[in-house]
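To start, the structure itself, in structure tokens.
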Amino acid sequence: IANLAVPEQKFERAADLYIQRIDILEKDENPENDEQVKNMMVQAAAWLAEQDVHRYPEAIDLYKRALQKELLPEQPTLFGRLRAHFDYGMALKKEAEAEADLARKGEISAQSKAQFTEAVAVGNALVEQYFDNAYGYYYLALCQNELGDLTAAEANMKKFSELQGAGGGQ
């Protein structure tokens with residue numbers, strides 16, 4: 001049923017259906033389902049992190065849960081989590097900019113900074129393990145730039161450009 005929602009671009013509905021299925025599969029405690037559950041978590045997280053869905057905290061939680069099921073963190077899971085933190089940080093930054101109440105603006109700005117900080121940790125783990133992931137360096141640089149670490153951002157943007165020139169990618 002979830003797959004029927006995807007062609008209609010009803011990603012939120014598809015993700016919710018996957019989450020229901022994940023809950024059922026996890027309750028049976030059958031280790032043979034772990035790979036399927038992990039893959040469903042990653043896909044549901046990607047749908048929840050879509051910019052028109054905006055359910056970033058749930059997406060990030062699903063990515064974390066999927067990473068716990070992987071023997072070694074897999075590139076798509078790490079990269080998805082990096083993007084989710086970045087997109088969430090940007091959404092919070094935009095919300096903070098629009099907020100009139102100064103106290104609330106400060107709270108939202110702090111939440112945004114926390115997302116960029118977490119993204120840097122995830123991004124560093126990603127490029128450490130998958131050093132040819134050009135877009136890992138790209139999003140890492142964007143997050144470092146948001147945090148004001150311009151030296152690191154410049155170095156990682158340079159690495160992104162080098163990998164792009166060499167045909168690297170995700």
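Each residue takes its place number in the sequence, starting with 1.
The shortest heavy-atom contact between Ala134 and Gln164 is CB-OE1, 3.5 Å. Nearest approach of Ala119 to Phe86, heavy atoms of both residues: CB-N, 4.3 Å. Across every non-hydrogen atom of Ala153 and Asn145, the tightest pair is CB-N, 3.7 Å. When every heavy atom of Ala49 is checked against every heavy atom of Asp87, the shortest pair comes out as O-OD2, 4.3 Å. Of all heavy-atom pairs between Asp132 and Gln75, the closest is OD1-OE1, 4.3 Å. Of all the heavy atoms in Leu147 and Val120, the pair that sits closest is CD1-CG2, 3.8 Å.
A 4.5 Å side-chain heavy-atom check between Asn124 and Leu140 finds at least one atom pair inside the cut-off. Glu95 places a side-chain heavy atom less than 4.5 Å from the side chain of Leu92. Contact of the Lys159 side chain with the Phe131 side chain is not registered, since no non-hydrogen atoms from C-beta on lie closer than 4.5 Å.
Scanning for side-chain contact (heavy atoms from CB on, under 4.5 Å) contacts around Val42 gives Tyr63, Ala66, Thr77, with sequence neighbours left out. Scanning for side-chain hydrogen bond (donor to acceptor under 3.5 Å, both in side chains) contacts around Asn33 gives Asp28, with sequence neighbours left out. By the side-chain hydrogen bond (donor to acceptor under 3.5 Å, both in side chains) test, Tyr139 is found to be paired with Arg83, residues two or more places apart in sequence or in another chain being considered. Residues satisfying the salt bridge (Lys or Arg N to Asp or Glu O under 4.0 Å) test with Glu154, not counting sequence neighbours, are none. For Glu26, the side-chain hydrogen bond (donor to acceptor under 3.5 Å, both in side chains) criterion is met by Arg65, not counting sequence neighbours. Taking the side-chain contact (heavy atoms from CB on, under 4.5 Å) definition, one finds that Glu35 meets it with Lys38, Asn39, sequence neighbours left out. Here Asp101 pairs with nothing under the side-chain hydrogen bond (donor to acceptor under 3.5 Å, both in side chains) rule; sequence neighbours left out. For Glu50, the salt bridge (Lys or Arg N to Asp or Glu O under 4.0 Å) criterion is met by no residue, not counting sequence neighbours. For Lys93, the salt bridge (Lys or Arg N to Asp or Glu O under 4.0 Å) partners at least two apart in sequence or on another chain are Glu146.
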Below 3.5 Å, can you tabulate the donor-acceptor pairs from side chains in residues 54-62 to any protein atom, sequence neighbours excluded?
{"from": "His54", "atom 1": "ND1", "to": "Gln51", "atom 2": "O", "distance (Å)": "3.4"}
{"from": "His54", "atom 1": "NE2", "to": "Gln51", "atom 2": "O", "distance (Å)": "2.3"}
{"from": "Arg55", "atom 1": "NE", "to": "Glu58", "atom 2": "OE2", "distance (Å)": "2.8"}
{"from": "Arg55", "atom 1": "NH1", "to": "Glu12", "atom 2": "OE2", "distance (Å)": "3.0"}
{"from": "Arg55", "atom 1": "NH1", "to": "Asp16", "atom 2": "OD1", "distance (Å)": "3.0"}
{"from": "Arg55", "atom 1": "NH1", "to": "Asp16", "atom 2": "OD2", "distance (Å)": "3.3"}
{"from": "Arg55", "atom 1": "NH2", "to": "Asp16", "atom 2": "OD1", "distance (Å)": "2.8"}
{"from": "Arg55", "atom 1": "NH2", "to": "Glu58", "atom 2": "OE1", "distance (Å)": "2.8"}

Which pairs of donor and acceptor atoms, one on a side chain in residues 103-114, lie under 3.5 Å apart (sequence neighbours left out)?
{"from": "Arg104", "atom 1": "NH1", "to": "Glu107", "atom 2": "OE1", "distance (Å)": "3.1"}
{"from": "Lys105", "atom 1": "NZ", "to": "Ala96", "atom 2": "O", "distance (Å)": "3.0"}
{"from": "Lys105", "atom 1": "NZ", "to": "Glu97", "atom 2": "O", "distance (Å)": "3.4"}
{"from": "Lys105", "atom 1": "NZ", "to": "Glu99", "atom 2": "O", "distance (Å)": "3.1"}
{"from": "Ser109", "atom 1": "OG", "to": "Lys105", "atom 2": "O", "distance (Å)": "3.0"}
{"from": "Ser112", "atom 1": "OG", "to": "Gly89", "atom 2": "O", "distance (Å)": "2.8"}

- Evaluate the criterion side-chain contact (heavy atoms from CB on, under 4.5 Å) for residue pair Val37 and Arg21; output intermediate values, then yes/no. CA-CA 8 Å; Val37 168; Arg21 181 78 175 129; over 6 Å; no
- Task: Quick one: do Gln115 and His85 satisfy side-chain hydrogen bond (donor to acceptor under 3.5 Å, both in side chains)? Show the steps, please.
- Result: CA-CA 5 Å; Gln115 290 305 314; His85 281 292; 2.7 Å; yes
- Passes side-chain contact (heavy atoms from CB on, under 4.5 Å), Glu162 versus Tyr137? Steps please. CA-CA 10 Å; Glu162 290 170 3; Tyr137 287 98; over 6 Å; no
- Task: Run the numbers on Tyr18 and Trp47 for side-chain contact (heavy atoms from CB on, under 4.5 Å), then give the verdict.
- Result: CA-CA 10 Å; Tyr18 262 39; Trp47 288 329; 3.9 Å; yes
- Derivation and outcome, side-chain contact (heavy atoms from CB on, under 4.5 Å), residues Leu25 and Met40: CA-CA 10 Å; Leu25 290 172; Met40 291 176 77; 4.1 Å; yes
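A distance of 13.5 Å separates CG in Asn133 from CD in Glu128, rounded to the nearest 0.5 Å. A distance of 11.5 Å separates CG of Asp34 from CD of Gln68, quoted to the nearest 0.5 Å. Distance check, rounded to the nearest 0.5 Å: CG of Leu163 to NZ of Lys158 gives 12.0 Å. Note that CG of Leu142 and CG of Leu82 are 9.0 Å apart. Values are rounded to the nearest 0.5 Å.
Remark: Gln36 CD is packed, more than 12 non-hydrogen atoms of other residues, nucleotides or ligands lying under 6.0 Å away.
Within the structure, ring-ring contact (aromatic ring centres under 6.0 Å, His included) pairs that include any residue of residues 142-165 comprise Tyr135-Phe160, Tyr138-Phe160 (at least two apart or interchain).
Leu67 and Tyr88 sit in two unconnected hydrophobic clusters of ILVMFWY residues. Membership requires side-chain heavy atoms under 4.5 Å apart, directly or through other members.
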